[in-house]
Amino acid sequence: MDDPIILALVLAGAALAVAGLIGFNRLIGGWSPAALDDPEAAGARLAEDVVGFEPGEGACAADGRAALVLEADGERLGLVLARGGRTVTRVFRPGEVDAVSRDGAALDFRFSDFTLPRARAIMADDAEAEAWRSKIARFARQS
Amino acid sequence: MPNLPDPILIAIPVFVALIVAEMIYARLTGHARFEPGDTAASLIMGMGNVVSGVALGFIALAWFTFIERFALFDIGWAWWAFAVCFVLDDFVYYWSHRFAHTVRWWWADHVVHHSSQHYNLTTALRQPWLNPLTLKFIFFGSWLVLLGFPVAMVAFVGALNLVYQFWIHTETVPRLPRWIEYVMNTPSHHRVHHATNPVYLDRNYAGVFIVWDRLFGTFQKELDDEKCRYGIVKNLGTDNPLTICFHEWVGIVKDVRGAKSVREALGYWLGPPGWSPDGSRDSSKIIKAKWAERQAALNGAGGTAEPEAAAPAPQPAE
Ligand SMILES: [Zn+2]
Ligand SMILES: [Zn+2]
């Protein structure tokens, strides 16, 4: 790899192969987006990720891309987010969410989290969104 | 010195062909999963790793060339030296990998490889970009050179080791014959290594030979009733290569900045991943302990319930 021409050729070839593989993956598919449509399943998912999390009341976003689950004793708020075909979880104690705000039927979250700075949960309607906003307001530093 | 080929360069076309084959197999059978965003992230991380190896590799090379003169023996190029070097290098790999999981400074680099929630052949190529800057090669790479193995031989067997590890990143191979599973690192053993189920956390650090884990108490068999959940304890939720590359470094800087004492700062930097002064965050040790406690409680409850259920009921059931 000392010869710059060979090096450039190898890198160009590798870049081409990478682009080809990504294109092929898009072409043949073979995956489906994660759907969060059952609060109980979302709670179970949280309990898998966070040892000792006891799921209580929960709700799923209307588009199936997010779920909110309160711990049974109300101590922690669990969030399950669909990211592509996988789900990502986060758990917060009161004051650990930067901000929660409501925009119509949507709940917007902001976190001090470099890889996941914000999230959105689109609830069934304005009333449900408002009900959940007030239910979880104490987990936010500002709301 | 023989003219050694670069095993990784030779392997790249084979890697590409095998990934295509696994994608087709995944599509046809559902026994593997690929997601374009995740695939792209893994492959771009792999590309970047090769580029950074070329750009930053000279740091390690300069170090090894410098320490070569202090070597104890002049082992030379005999065929058996290759074999011994390969096995010893794998032993060093085990420890290097184990420390990559237990010292946050090195984890910040290695976490890249674990950041996918998928487990397929592209995951093997999801590799860090800044590895030489962690200076890990000084602590783990120096031993074989100081013993007297030629630097080029150590680099060659190290590359072979990495090439071996490519094919074990797959869900398509269930379990291999017993003697292979006993000696070699296999897809089954390495699935465990990539899983975040508490029972699987921090297990199976092996590169090529799983015997090191059996020897040093870090082996965990893949269990039929415990399906692997891949990724890291706090999954990233992004396929952005820059975020994947830098996130744990950013975390270290944030934590060290907020530290209240030198001891705290050192803990955040060199302590285990997830370490915090008051234990409020979860390191894998804490997660495993919590989980074991719950298992014991569950089994304890089951233990008393079972004989009762087996014995004839002394009073009418409600
Ligand atoms: Zn690892
Ligand atoms: Zn791996």
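- The two residues B:P36 and A:I22 make their nearest non-hydrogen contact at O-CG2, 4.5 Å.
- Here the closest heavy-atom approach between residue A:F114 and residue B:T243 is recorded as CE2-CG2, 3.9 Å.
- Across every non-hydrogen atom of A:R86 and B:Q117, the tightest pair is NH1-O, 2.7 Å.
- How far CG of A:N25 is from CD1 of B:I19: 10.0 Å, rounded to the nearest 0.5 Å.
- Counting heavy-atom neighbours within 6.0 Å of A:R110 CZ, excluding the residue itself, gives a total of 12 or less.
- Contact check on B:K234 versus A:D113 returns a salt bridge, with a Lys/Arg side-chain nitrogen under 4.0 Å from an Asp/Glu carboxylate oxygen.
- When heavy atoms are compared at a cutoff of 4.5 Å, B:I24 approaches chain A by way of both its backbone and its side chain.
- For A:R90, the part lying near chain B is the side chain, with the backbone staying farther off; criterion is any non-hydrogen pair under 4.5 Å.
- Heavy atoms of A:A15 lying under 4.5 Å from chain B belong to its backbone as well as its side chain.
- Summarising the local packing, CZ of B:R281 is surrounded by more than 12 heavy atoms from other residues, nucleotides or ligands at distances under 6.0 Å.
- B:R33 places no side-chain N or O within donor-acceptor distance of the main-chain N or O of A:G85, the cut-off being under 3.5 Å.
- Residue A:R118 qualifies as open at atom CZ: its count of foreign heavy atoms under 6.0 Å is 12 or below.
- For chain B, no part of A:L81 is nearby; none of its heavy atoms comes within less than 4.5 Å.
- The pair B:R294-A:E54 counts as a salt bridge, with a side-chain nitrogen and a carboxylate oxygen less than 4.0 angstrom apart.
- Taking chain B as the reference chain and counting heavy-atom pairs below 4.5 Å, the highest number among A:T87, A:I28, A:D49, A:T89 is found for A:I28.
- Ranking B:I12, B:V250, B:T238, B:L28 against chain A, the residue ahead of the rest is B:V250, based on heavy-atom pairs under 4.5 Å.
- Taking the side chain as every heavy atom from C-beta outward, A:L21 and B:T122 never approach each other to under 4.5 Å.
- The parts of B:A40 that come within reach of chain A are both its backbone and its side chain, each placing non-hydrogen atoms under 4.5 angstrom from that chain.
- Contacts of A:A14 with chain B are made by both backbone and side-chain atoms, with heavy-atom separations under 4.5 Å.
- B:M47 touches chain A through its side chain: at least one heavy atom from C-beta onward sits under 4.5 Å away, while N, CA, C and O do not.
- Enclosure of atom CH2 in B:W269 is not indicated, since only 12 or fewer non-hydrogen atoms of other residues, nucleotides or ligands lie within 6.0 angstrom.
- For a residue to count as touching a neighbouring chain, one of its non-hydrogen atoms must lie under 4.5 Å from one of that chain's; by this rule B:L236 touches chain A with backbone and side chain alike.
- Within 6.0 Å of atom CD in B:Q295, more than 12 heavy atoms from other residues, nucleotides or ligands are found, so the atom counts as buried in its surroundings.
- For B:N3, the CG atom sits in a loose shell: 12 or fewer heavy atoms of surrounding residues, nucleotides or ligands are nearer than 6.0 Å.
- Two residues are said to be in side-chain contact when any heavy atoms from C-beta on lie closer than 4.5 Å; A:R83 and B:E35 fail this criterion.
- The parts of B:V16 that come within reach of chain A are both its backbone and its side chain, each placing non-hydrogen atoms under 4.5 angstrom from that chain.
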